[in-house]
2 protein chains.
Amino acid sequence: MTQTATGEAARDRVERAALELFTSRGFDAVTADEVADAAGISRRTFFRYYPAKADAVWGDFAAHVERLDRLLHSADGGRPVLATVCAAYAEVNDYRDDDLPALRQRMRLILTEPALQAHSQLRYAEIDRVVAEHVARSTADDPAGLLPRLVAASTRAAATTAFAAWLADERTALGDQLRRTFDELAAGFPSLRG
Amino acid sequence: MTQTATGEAARDRVERAALELFTSRGFDAVTADEVADAAGISRRTFFRYYPAKADAVWGDFAAHVERLDRLLHSADGGRPVLATVCAAYAEVNDYRDDDLPALRQRMRLILTEPALQAHSQLRYAEIDRVVAEHVARSTADDPAGLLPRLVAASTRAAATTAFAAWLADERTALGDQLRRTFDELAAGFPSLRG
DNA sequence: CTTGCTCCTGGCACTGGGTGCCACTAGCCT
DNA sequence: AGGCTAGTGGCACCCAGTGCCAGGAGCAAG
């Protein structure tokens with residue numbers, strides 16, 4: 001219990017330090033040693049917490065994916081699949097206002113730093129798997145089939161695009177941006193025809 | 001001239017060796033030294049040819065992107081944007097039959113090896129930029145705006161999905177697979193409603 | 001032929017990410 | 001107290017990638 005508590009606290013310190021250092025000096029210019037030092041742990045322990053330097057930016061991403069999975073499992077089967085996926089994305093990313101600055105910082109890093117951009121693909125693959133499985137359940141299809149894969153990949157593309165737009169424009173809420181972007185996708189890009 | 005020729009030949013040897021070694025033993029289990037040795041060049045020269053080990057799999061990708069860019073620039077402006085992008089993707093990936101085995105090998109590596117999957121994001125970003133610029137030209141929009149980004153990201157998602165489906169199913173041609181996948185995307189996933 | 005220039009190459013050494021191994025400590029159970 | 005377990009840190013190692021420098025091939029002018 002105490003160990004878990006200190007472990008959690010240490011992880012929190014690491015993630016704060018990582019966000020701070022990477023933002024101010026750039027991901028590549030900061031060594032894992034520096035992050036570990038700033039968090040008061042050893043380099044070795046850092047790499048036990050996070051399998052890669054980049055993972056310190058993502059926090060507990062497995063829990064994130066698990067939440068998304070649960071939401072999709074418990075979703076109303078009568079609703080259109082895209083609407084369900086959009087709502088799940090929106091709910092998973094519905095942060096408290098106090099957490100928004102950290103979220104912005106994290107997403108800005110992930111979307112701009114090449115090394116993190118590359119690493120993100122590995123995280124996104126976990127999301128895609130969960131979404132593809134949901135589509136497969138809804139359509140009695142193979143999760144590895146064309147449609148589940150396509151829906152997973154393109155909704156994820158929509159979500160990251162929405163994130164980028166949200167970062168660029170401080171005014172609109174993330175949830176609204178997600179819904180707007182999904183609408184565009186689901187309707188086959190109506191503004192291209194207008 | 002002779003230098004360029006040997007340089008080209010050496011690059012060719014490297015790419016063959018890389019494909020062969022990575023396929024048989026896995027990307028991570030093969031060191032850059034081994035690839036360099038197999039191609040008859042030094043490790044140092046290997047990293048002058050390719051900035052990263054993963055780049056040996058991609059060949060001359062810049063030329064690929066440039067071809068795509070030219071195709072999009074010279075496309076018929078009256079045609080729907082998605083159709084133009086689809087046709088450009090199909091034409092850029094219209095390989096001779098002799099080259100298909102190598103293409104399959106390459107794509108299988110890129111889509112299955114985690115390290116290559118991650119690295120691919122950096123290459124895809126170049127494609128996305130070109131496509132987003134095309135959409136922006138067609139709609140008199142900002143390339144960094146929502147619609148160009150969304151179209152670029154989701155068409156790229158469609159293209160990679162089509163590639164994966166093509167890998168899984170030997171029977172259908174790559175171009176047909178691309179067109180089928182783009183149709184699904186452009187129509188807002190009609191098979192989800194059926 | 002020789003000198004000088006340029007480009008390509010390879011060797012060397014170094015940084016930094018990531019990992020296996022081991023020794024140490026802290027709690028905890030009996 | 002003795003033994004078990006889990007977390008930690010130090011150490012050594014491998015490998016990707018880079019800067020630097022020393023050759024060597026080709027070419028031009030003398």
If only atom types and distance count, is the side chain of A:K53 paired as donor or acceptor with the main-chain N or O of A:F47 below 3.5 Å? no
Under a 4.0 Å threshold between the charged nitrogen and the carboxylate oxygen, would B:R106 count as salt-bridged to B:E15? no
Using only atom types and a distance under 3.5 Å, with no angle test, would you say the side chain of A:R104 pairs donor to acceptor with the backbone of A:W166? yes
Return the value, rounded to whole Å, for the distance between atom CZ of B:R13 and atom P of C:dT9. 10 Å
Just the rounded figure in Å: distance from C1' of C:dG11 to CG of B:D37. 14 Å
Looking at B:T45, I'd like to know whether one of its side-chain N or O atoms comes within less than 4.0 Å of OP1 or OP2 on C:dT9. no
Using only heavy-atom distances, determine whether the side chains of A:R137 and A:H73 contain a donor-acceptor pair under 3.5 Å. yes
If only side-chain N and O atoms count, and only distance matters, is there a donor-acceptor pair under 3.5 Å linking A:D55 with A:H119? yes
Nucleotide-resolved protein contact map, nucleotides 13-19 of chain D, B/S/- at heavy-atom distance under 4.0 Å: --SBBBB
On a plain distance test, is the side chain of A:R48 in donor-acceptor contact with the base of D:dG9 below 3.5 Å? yes
Ion pair present between A:E133 and A:R129, side-chain N to carboxylate O less than 4.0 angstrom? yes
